[in-house]
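One structure is given here, and the rest of the page talks about it.
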Amino acid sequence: MPYNFTEIDKKWQSYWSEKGTFKADHSSDKPKYYVLDMFPYPSGAGLHVGHPLGYIASDIYTRYKRNKGFNVLHPMGYDAFGLPAEQYAIQTGQHPAVTTNENIKRYREQLDKIGFSFDWSREVLTCDPKYYKWTQWAFTQMFEHYYDEAQDKAMPISKLVEHFSEKGSAGIQAHGNEPMEFSAEQWQSFDEAKRDQILQNYRMAYLDDVPVNWCPALGTVLANDEVKDGLSERGGHPVEQKVMRQWCLRVSAYAKRLLEGLEKLDWSDSIKEVQKNWIGRSEGAQVSFQVKEGDLSFDIFTTRPDTIFGVTFMVLAPESDYVAQVTTPQQKEAVEQYLQACKKKSQKEREMDVKTVSGVFTGAYCIHPFTKKEIPIWIGDYVLGGYGTGAIMAVPAHDSRDHAFAKQFELPIIPVVQGEGTDRVQEESYDAKSGKMINSDFLDGKKVKEAIKTMIYKIEEMKLGTKQVNYRLRDAIFSRQRYWGEPFPVYYKDGRPQMLELNELPLELPEVDKYLPTETGEPPLGRAKNWKTKEDLPFELSTMPGFAGSSAYYLRYMDPHNEEALVSKEANEYWRNVDLYVGGTEHATGHLIYSRFWNKFLYDLGHVCEDEPFKKLLNQGMIQGRSNFVYRLKEDKNKYVSLGLKDKYETQELHVDVNIVSNDILDRDAFRSWRPEFKDAEFICEEKEGKEIYICGSAVEKMSKSKFNVVNPDIIADKYGADTLRCYEMFLGPVEQSKPWNTNGIEGVYRFLVKFWNLYHDGDQLKISEEAPSAEELKVLHTVIKKATQDIESFSFNTTVSALMIATNELSKLKCNKREILEPLAIILSPYAPHTAEELWSLLGHKESISIAPWPEFNEKYLIESNFNYPVSFNGKMRFLLELPIDMGKEEIEKAVLSHEDSQKWIEGKTIKKVIIVPKKIVNIVVG
RNA sequence: GCCGCAGUGGUGAAAUUGGUAGACACGCUAGACUUAGGAUCUAGUGCCUUUGGCGUGGGGGUUCAAGUCCCUCCUGCGGCACCA
């Protein structure tokens with residue numbers, strides 16, 4: 001039988017789907033393992049070769065784990081809400097659901113062709129009302145809970161109300177937007193609206209007027225992680241700042257737990273680092289400064305309390321509430337002017353001219369808590385309103401930004417740390433946290449780190465302030481003024497938001513006549529006819545953002561058809577959380593933070609049993625496109641010159657479809673029939689080995705339709721078979737690495753599969769011997785068992801392919817066709833090339849799928865050799881190899897080495913200083 | 001500016017984690033078979049001034065031994081960015 005991959009692929013793909021081979025069930029005695037891929041957004045361009053890279057890796061691991069006896073959950077679905085389908089709807093009027101379903105169909109066909117072992121019975125679509133019912137439900141729960149800092153978990157809002165009516169705000173340790181103070185009597189006297197307003201300050205999902213990233217081109221707000229360099233991540237449209245009333249999620253309440261949780265996770269250092277930066281913990285002190293006139297005081301946050309004796313001025317953010325309270329009548333006009341100028345600057349401009357220093361004096365002074373000197377209070381836009389307290393103490397000697405400000409406005413610079421370069425503090429600040437304190441009273445002579453500790457202690461002792469930890473992580477803005485997203489389960493009664501009950505969910509997305517905002521500027525949902533509650537109350541018109549649907553989808557896969565709960569207790573307690581999560585790094589500050597937050601929230605409420613959703617994270621690299629070019633003559637637009645000769649002509653570079661180029665050699669006939677305008681193309685070719693060929697230029701670029709460098713995996717699967725595609729994508733290099741796609745080596749991988757196939761065949765006949773294998777054959781087998789097992793366990797899938805290639809070559813040299821060797825070998829191949837392996841397995845006479853065959857046991861005894869080559873070195877230089885029995889003792893080795901004739905010339909006339917024997921490695925002799 | 005990661009043949013990359021650098025594959029060279037080869041097989045292929053020497057971005061260090069550990073510089077990629 002020849003290796004007919006087309007038939008084999010088709011045969012086994014339909015076998016798996018008919019038999020439901022990969023269906024997972026939580027009533028199983030086997031240990032569980034959950035392998036998850038980041039589900040794709042089904043875009044119109046279809047799947048390209050970059051997508052399956054991660055899917056292949058996770059599928060290999062899944063299949064391996066099944067062979068290892070695990071009950072593996074490996075589901076797939078679609079992140080189906082999103083902007084592109086909506087943009088398309090705006091242009092064409094076609095309902096986004098229609099576009100989305102078409103794209104999903106195409107994705108499914110492409111995915112099926114690669115032979116993944118997904119359990120499709122668990123498929124989820126985020127745009128399916130049965131699914132988003134639970135997204136909406138989670139939102140209502142967030143509305144009904146607040147974050148209790150004393151217990152460090154989310155608690156029902158009713159507990160807070162109880163506390164307020166009994167004790168007022170006293171003793172409340174709840175995470176809120178701003179501190180509030182009222183008594184129990186006051187609370188009881190407040191009306192509904194006032195109470196609502198107070199509770200919004202604490203709810204996990206709350207309404208607030210917040211400065212948002214408004215994208216006019218998309219007509220919606222965007223979260224911080226959806227904005228890159230002042231442009232929208234999707235579409236690259238300009239983004240501006242605007243204050244709007246929005247739903248927000250109190251992600252910041254979980255900052256500490258999100259940061260600490262990272263420690264337990266088996267994620268790459270780089271992605272942990274990105275999340276750490278994004279959460280941005282900084283430790284320091286909050287210190288209160290007394291304003292000179294009146295009894296006003298204000299708080300600042302600093303990470304350098306040790307430098308407090310170096311403070312020469314204070315700076316308030318322009319947005320700070322203190323500005324108005326502090327400014328003296330004389331300075332009022334100047335300050336007003338400055339604030340106006342700041343307002344005009346957009347966020348982008350403010351980011352752009354970081355270098356220009358601007359500010360204004362308030363006219364007010366405060367009193368230094370230790371020296372009791374007067375310190376001027378300034379306003380400067382380098383201080384941010386949203387971080388810390390919106391006010392700082394400026395130490396120009398030891399902070400470069402304060403230094404620039406001091407230089408600009410000729411304020412004094414007092415050094416308080418002595419270190420290398422501190423003699424130049426008038427010209428340049430010394431920011432390093434090392435050196436000894438000077439000019440600092442009781443801190444003098446202490447090292448910086450010690451001084452920080454001492455100072456915080458002193459500050460707390462003198463009741464000037466407290467030790468404080470600040471986080472950069474902000475709350476997530478959760479409203480989008482868009483159509484194609486989850487509707488909020490919210491309606492308004494007298495302008496106050498009300499949640500729908502679980503039995504009223506899902507609140508389905510209504511039909512609209514157009515997907516644009518209304519004439520009055522309301523979101524598209526404002527166009528929905530009669531979209532009101534039974535009591536005729538209006539629903540919220542914005543929809544949820546893209547990350548809403550992807551925040552808990554891994555939980556839904558555990559129990560996708562449950563209509564009573566997001567996930568049943570039994571299913572959740574069996575599957576628990578994701579053991580291996582595979583996806584790109586681009587979600588580090590978005591999805592991967594939000595779903596950790598979402599999961600922790602559900603954990604606090606007792607709906608899930610694990611605190612972290614994804615135990616191990618594997619980040620696959622991006623596959624870039626490799627574009628090819630042809631060079632068209634400028635004077636004759638029908639002639640194309642080969643790369644090597646193009647310098648002799650005036651040419652124009654044109655992208656050419658990479659699918660008609662092989663190893664940079666153009667298929668000229670295919671080019672002529674590619675597009676009508678090339679039908680009569682002529683070529684100026686190069687000669688190689690007496691053959692006329694046309695060589696194309698190349699470049700690495702992002703894969704995109706317009707560059708004709710998109711390679712669809714199904715094309716490769718058609719040409720070489722799914723198994724060659726799978727092995728080749730792995731063979732390309734480590735999964736984590738980004739690399740350009742090229743098919744240069746694919747022939748080699750294909751040849752390997754043919755050779756592997758031929759191991760089992762003699763000509764066209766299957767030929768398997770029942771003879772016992774030789775020691776040599778067993779050694780080849782066990783080498784590959786060891787290597788493959790280690791590699792897969794450590795996710796280095798590329799080297800397993802190499803190991804299989806070596807084994808195949810050696811076995812074919814040995815003409816080995818023993819069942820005892822070839823059966824286990826097929827199992828080792830099966831995660832990589834499942835179709836080929838299944839076919840061979842059934843040819844070997846097995847009735848059951850290879851996917852449940854036990855992974856071959858490794859036995860060290862077949863690898864142990866009787867002799868070992870000891871490299872012998874003199875003074876570190878390797879001089880010869882000496883073959884000795886492996887079980888020889890240290891003294892015997894030393895004796896054998898020194899008595900060896902080659903040793904004599906190195907030892908002659910010298911004294912032996914040292915003999916070092918590294919077991920099973922090397923013998924070193926130091927002579928001198 | 002700060003933080004993190006990486007740098008190995010013509011190419012993609014290996015290296016048992018401190019122990020014979022370049023496995024495996026592509027490409028290239030030569031040969032065999034063939035009417036033919038973009039098929040298959042065999043051999044060779046890090047570099048050089050080749051009885052030897054040099055080689056893992058540059059320089060220095062630790063060690064009997066360094067691609068691997070330490071210091072420093074250079075280059076590339078990613079993240080954060082007036083976060084006090």
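Letters A, B, ... mirror the listed sequences (proteins, then strands); counts begin at 1.
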Worksheet, complete the sentence: Expected label for B/U62 (glycosidic angle, syn inside 90° of 0, else anti) would be anti
Practice prompt. Have a look at B/G9 and give me syn or anti from its glycosidic angle (syn if within 90° of zero).
Written response: syn
Within-4.5 Å side-chain heavy-atom neighbours: [X] and [Y]:
X: A/S252; Y: A/Y471; value: no
X: A/Y387; Y: A/R474; value: yes
X: A/V395; Y: A/H403; value: no

For [N] versus [M], give the span between their [atom1] atoms, rounded off to a whole number of Å.
N: B/U49; M: B/G60; atom1: P; result: 25 Å
N: B/G1; M: B/G10; atom1: C1'; result: 39 Å
N: B/U34; M: B/A23; atom1: P; result: 33 Å
N: B/G9; M: B/G79; atom1: P; result: 27 Å
N: B/A14; M: B/A36; atom1: C1'; result: 38 Å
N: B/A21; M: B/A65; atom1: C1'; result: 14 Å
N: B/G12; M: B/G7; atom1: C1'; result: 15 Å
N: B/G22; M: B/U11; atom1: C1'; result: 13 Å

Using a 4.0 Å heavy-atom cut-off, does [X] contact any base of the nucleic acid, only the sugar-phosphate backbone, or nothing at all?
X: A/E586; answer: nothing
X: A/L732; answer: sugar-phosphate
X: A/N809; answer: sugar-phosphate
X: A/R474; answer: base

Whole angstrom is fine here: how far is it from [atom1] in [X] over to [atom2] in [N]?
X: A/E273; N: B/A81; atom1: CD; atom2: C1'; value: 15 Å
X: A/I593; N: B/C80; atom1: CD1; atom2: C1'; value: 13 Å
X: A/W278; N: B/C2; atom1: CH2; atom2: P; value: 21 Å
X: A/M730; N: B/A14; atom1: CE; atom2: C1'; value: 17 Å
X: A/N742; N: B/G10; atom1: CG; atom2: P; value: 18 Å
X: A/L592; N: B/G78; atom1: CG; atom2: P; value: 19 Å
X: A/Y471; N: B/C80; atom1: OH; atom2: P; value: 20 Å
X: A/L473; N: B/C80; atom1: CG; atom2: C1'; value: 14 Å

Item to complete: Measure the acute angle between the ring planes of A/H782 and A/F858, then classify it against the limits of 30° and 60° as parallel, tilted or perpendicular.
Response: tilted
Item to complete: Classify the ring geometry between A/W757 and A/Y3 as parallel (under 30°), tilted (30 to 60°) or perpendicular (over 60°).
Response: tilted
Discussion item. Would you say A/T799 and A/D791 are linked by a side-chain donor-acceptor pair, where the criterion is simply a distance under 3.5 Å?
Written reply: yes
From [options], nucleotide with atom closest to [X] side chain:
X: A/K739; options: B/A84, B/A81, B/A13; value: B/A13
X: A/M805; options: B/A13, B/A84, B/C24; value: B/C24
X: A/N744; options: B/G4, B/A14, B/C26; value: B/C26
X: A/R472; options: B/C24, B/C80, B/A84; value: B/C80
X: A/N798; options: B/A25, B/A23, B/A13; value: B/A13
X: A/Y382; options: B/A13, B/C82, B/A84; value: B/C82
X: A/R751; options: B/A84, B/G27, B/G12; value: B/G27
X: A/T799; options: B/C24, B/A14, B/A84; value: B/A14
X: A/N277; options: B/C80, B/A13, B/G12; value: B/C80
X: A/K755; options: B/C41, B/G4, B/A15; value: B/C41

Discussion item. Less than 6.0 angstrom separating the ring centers of A/F671 and A/F683, yes or no?
Written reply: yes
Discussion item. Please tell me whether A/F313 and A/F405 form a close aromatic pair, meaning their ring centres lie under 6.0 Å apart.
Written reply: yes
Worksheet item: Looking only at heavy atoms, what is the nearest atom pair of A/M730 and A/I56, with distance?
Response: CE-CG2, 3.7 Å
Practice prompt. With RNA chain B as reference, determine whether A/F301 or A/G748 sits nearer its 5' end, using the nearest nucleotide of each.
Written response: A/G748
Worksheet item: Of A/I806 and A/D269, whose nearest nucleotide on RNA chain B comes first from the 5' end?
Response: A/D269
Does the structure show a Watson-Crick or G-U wobble partner for [N], both distances under 3.5 Å? Name it, or say none.
N: B/A25; result: B/U11
N: B/A6; result: B/U75
N: B/U35; result: none
N: B/U42; result: B/A30
N: B/G1; result: B/C80

Worksheet item: Can a side chain N or O of A/Q737 be found less than 4.0 Å away from OP1 or OP2 on B/A13?
Response: yes
Discussion item. With a 4.0 Å cutoff (strictly under), does any side-chain N or O of A/Y387 reach OP1 or OP2 of B/A84?
Written reply: yes
